[in-house]
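Note on naming: letters A, B, ... go to the chains in the order of the sequence lines (proteins, then strands), and numbering restarts at 1 for each one.
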Amino acid sequence: MNLRRASPEEKINVCRKYFLAGLPLLPWVWIVNVLWFWREATKPDHIPEVRKYVMYSAIGALAYLTVFGTWVGVYQSQRVAWGALGDRISIFVPDGEP
Amino acid sequence: MLPFFYVLITSAYSNTLNDNIYTSIDFGRDYCFRLNNFNSQIGCQTSRDGDSGILLQLHSAEDIENTLKDLEEPFIAVLDASIFNNITALKLKQHSKTRGLLLIENEESKVDSFSPEKTCPGNGFNYLENVTDVDVSAPHQSQCIRKQLWNPKGNWLSYDDFPFGIFLIKSKSQKEIILSKAQANIENYSLKPYPLWGGEVRSFMKSAQNTETCIRRGTCDPLGGYNVHVNLIPRDEESKKPIILLIAKTDSTAFFKELSFGEQDSGVSTAVLLAVIKALSKVRDENDDLKADIMITFLQGESFDYSGSQRLAYQLNPLMNDTLQLRSFSLTIDDIMCVIELGPISTLKDLYLYPAKSNGMTKKIEEFFASYNSSNIQFHAVEPGTPLPPSSIHSFLRENEAIPCILLTDGHDNIQSNVFGSRYDTLNNNENLVSRVKDLSEIIAKVTVQLSNGTGASHAEVPESLVSEVLDCFLVNLNCTLLRRIGNQFNSTANLPNSTLSRYSGVRNSFAVYLRNISLDFSMKDLSKIVPSVEKCNATYTQNWAPIIVNDTCFGYVVNSSSATSPAFKLKDYSSTKYSTWTESRWSPNFRIMGSCCSRQKKSRKGKVVYEYDKVPDSFHSPDSQNKANQQLHIQHISERDVVSQDLLPDDQENGTMFLRRITMDEGSLRRSLKNRHRGKGSLSSDRGSPSTPCQLQKANSCSTIFIDDNTVSQPNLRATLKCVSLAIYYHIKNRDKESEFVDILDEKRHPLTKQPVPSDYARNDPPNNYIYRFIKNLFVSAQLTAECAIISLIYIERLLVCADICLQPSNWKRIVLGAILLASKVWDDQAVWNVDYCQILKDMVVEDVNELERVFLELIQFNINVQQSAYAKYYFDLRSIAEQHGLTLPIDTLDKKRAKKLEARSQNEEYDKLAEMVESGPVKAISLENLSKRRPSAAVIS
């Protein structure tokens, strides 16, 4: 889709679809949405609908990545301390190290 | 499996680049591996892909200090084994660039004092000690709970955890290679830029952290082995006779576990106890009424926090759900009158008696021993209140502190040996060893009889020659006269290794088997008085004795074995602080790369020991399969398969099919086949018109009429093929060479196909041809298999017969045929029949049985399931020929238009495929594509 030629309805439609597609915790879809429509959403004569979906996507992606990143950090540093639980929630347990 | 070490070499006479770059060094068993217990890991570990560094020879502790001060490159240290101790090891461990350690064993530099063990063996697992009292953060020496140090020379090296591999180099050629490279490095070191010689070591251990973790992840196995119990006579449980328990530890340990010789530690005491069995058996044979039962127990796993004795004591405790089930009786701890343990007694001169708690019984034992004092052996009672040295007795006291126990050892205040727990623990300079062992064992036997009956026994004697034989086996070489003689006597075919016994108890060991066999030989009793005849030498007549026939005489024995794995594993309490929790890591053989596989292949072909620790089958853990324990498990890789055996396969181009040979063996059939062949050709033979074989007119093809049956290579007729295959099987059974041994799973009696038990003569009566046909037909019809499957099955059957070297017999044919059909349908049908479906067809089979059958079948044919086109065709035509010989030909019919079309459709596919292949691949430059355009759907339904 060429954003310059697309009609506002089309833009809103695509933007909303991307936002909805990202709802089942798919932050990459949201990030794509943000990257694609960022200029569209911040220019002076932006379409409020588009801006709304872009902002929601940006906030959602950021929040999700923060939570996910925290979890990875906690898991990596605490797995050994969790013992049996740590092994159970792991798919791959390395050999030869704790 | 074996860790390899690669030295960079630029000029070697080999073919591959890898061979030109590396020299691989096979370390055999002389490397250190990882063990775990409830809170720690000990031993060595390299990284997964191996560690590499420059070779650096170091000569002393100062040298290490100076050289390593400003070394920036990763290095592999080369060290004389005699200077490997806790100081040098610590320096290397603290250096961040250490990647490996090669110890050069030097026979000249004799080490007199080196003990990598604890200063207080069994720390925390002794009586009145609790392992939770150990201050783990403190340095080693002060970890001992008791202040008295039994092994003051101990430097705890075996209990250290090294993040690099440590290897021992003994062979001269290996030493030369490594030392020359290390020497060259010293000369070139100042000349920067390098090149310097480098090395790579790998021995990657899978387990980590502690036993709880590694058991959870399945990366380690509990240490243990087996305890062997010898009773002089079967115990009568009603009589409640008290039991005198004579025990000795039989295992030992070392830094390099496979070099645990432990001759001073446990070698002599084991030999003495074996001689005691002989002496007591003599007393028993002369005088049958001993007032107490005497049980002699050899314990294993004692070097690892007493796992063997802990298990025994645990089993003796009636409250625990793990009774010691010995043959025809069980024991509890209350039956025990006293325990006498033989500790390290290698000097056999001044022996000290340590009572656990001084009381009447121990006083009596001390008195008895003291009465046998002589210039050779002196017995001393220790002053009351002396703490009991580390010994198996502690485990019994922990279960029940009231048992009178006494320890006999040559250590006073501390252990006699300076090399406890090291590979230098060998016996060298003890004169009169044989006579001293003989004297001591006779004294112990006499004291035991005195304890039991109150009076001395005069005829407790052991021949000196026998003592010398026992010592020869356990201290010099396992391939000794005694074990060979016993092996012959019991018809055991196990090979004896030509080496000194390694006493490391490990996950499994064959040591217990040797002990069991020797003590069985020493303690067995001639039962010819109570057994009517040798034929009746079985449990009904032998009155609780286990029967055994040796040299046509009936003997009885009471020798049992039980697991020596710690109770912690029985209780599944892997972080137990009450019981021993030692486990051995598994390690992966995946470092076998780059040409080194060839050396391994040679090794396995010679039939040498190849350990495969990655998979420990359950059978090794059960006590009854002990005899299997010395048969090493070796799984052959597909690439290592012997090429020779491949040539012998019946479906190979050069060889004829087996069943054809079997048929020709049958003379009558031969004659008949000749007859039929003549008839087939239409010639007149002399037999024509004889009453037994009425002549049938054979239809012959002519220019106008073609007679043909519906049987082609690509579409064999099912019924005819099945008839032929069953005929082939019939002749296989009928003309078999011999009755051969075969695996259980193929035996119809042990794994019946029907609920009704097989008739008693199932192994003798050959099944008739039509019975075989019905059996096969039933399978094929129910499972809707095609005729090709039948031919492939026959190929598989013959492969099995060759590979496993067995014959089709009345007892096994059904299961072999079933297995072959099962496999053929799985390999060659696109939509194979499931194993469960066979259980529907053969109503009384269970799916586990079918699975097992399939597995064994595959293993026996070495997973060789490929069938060449040529082999298939050969079998097809051979089957056709026997069909002709036996008048099994299909009704032939004139080839009319309809049948011709059908036939054309059948063969058409093949032809087009061939043509297409030619077009795609061949060097043919021009080819007409006209024929290809004729491709059309077949005119017949191919089913």
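The local environment of OH in Y64(A) is crowded, with over 12 non-hydrogen atoms from other residues, nucleotides or ligands closer than 6.0 Å. In the displayed structure, Y75(A) atom OH is contacted under 6.0 Å by more than 12 heavy atoms of other residues, nucleotides or ligands. Within a 6.0 Å sphere centred on CZ of F164(B), other residues, nucleotides and ligands contribute more than 12 heavy atoms. Other residues, nucleotides and ligands contribute only 12 or fewer heavy atoms inside 6.0 Å of the CH2 atom of W38(A). Around atom NZ of K572(B), no more than 12 heavy atoms belonging to other residues, nucleotides or ligands sit under 6.0 Å away.
Closest heavy-atom contact between E97(A) and R217(B): O-NH1, 3.0 Å.
The part of T219(B) that comes within reach of chain A is its side chain, from C-beta onward, which places non-hydrogen atoms under 4.5 angstrom from that chain.
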>> Quick one, Q209(B) with V80(A), criterion side chain to side chain contact (heavy atoms under 4.5 Å, CB included). Give me CA distance, side-chain angles, the key distance, then yes/no.
In response: CA-CA 9 Å; Q209(B) 211 177 4; V80(A) 177; 3.5 Å; yes

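Under the 4.5 Å side-chain criterion, counting only non-hydrogen atoms from C-beta, D95(A) is in contact with R48(B).
Between the side chain of Q45(B) and the backbone N or O of G96(A) there is at least one donor-acceptor pair closer than 3.5 Å.
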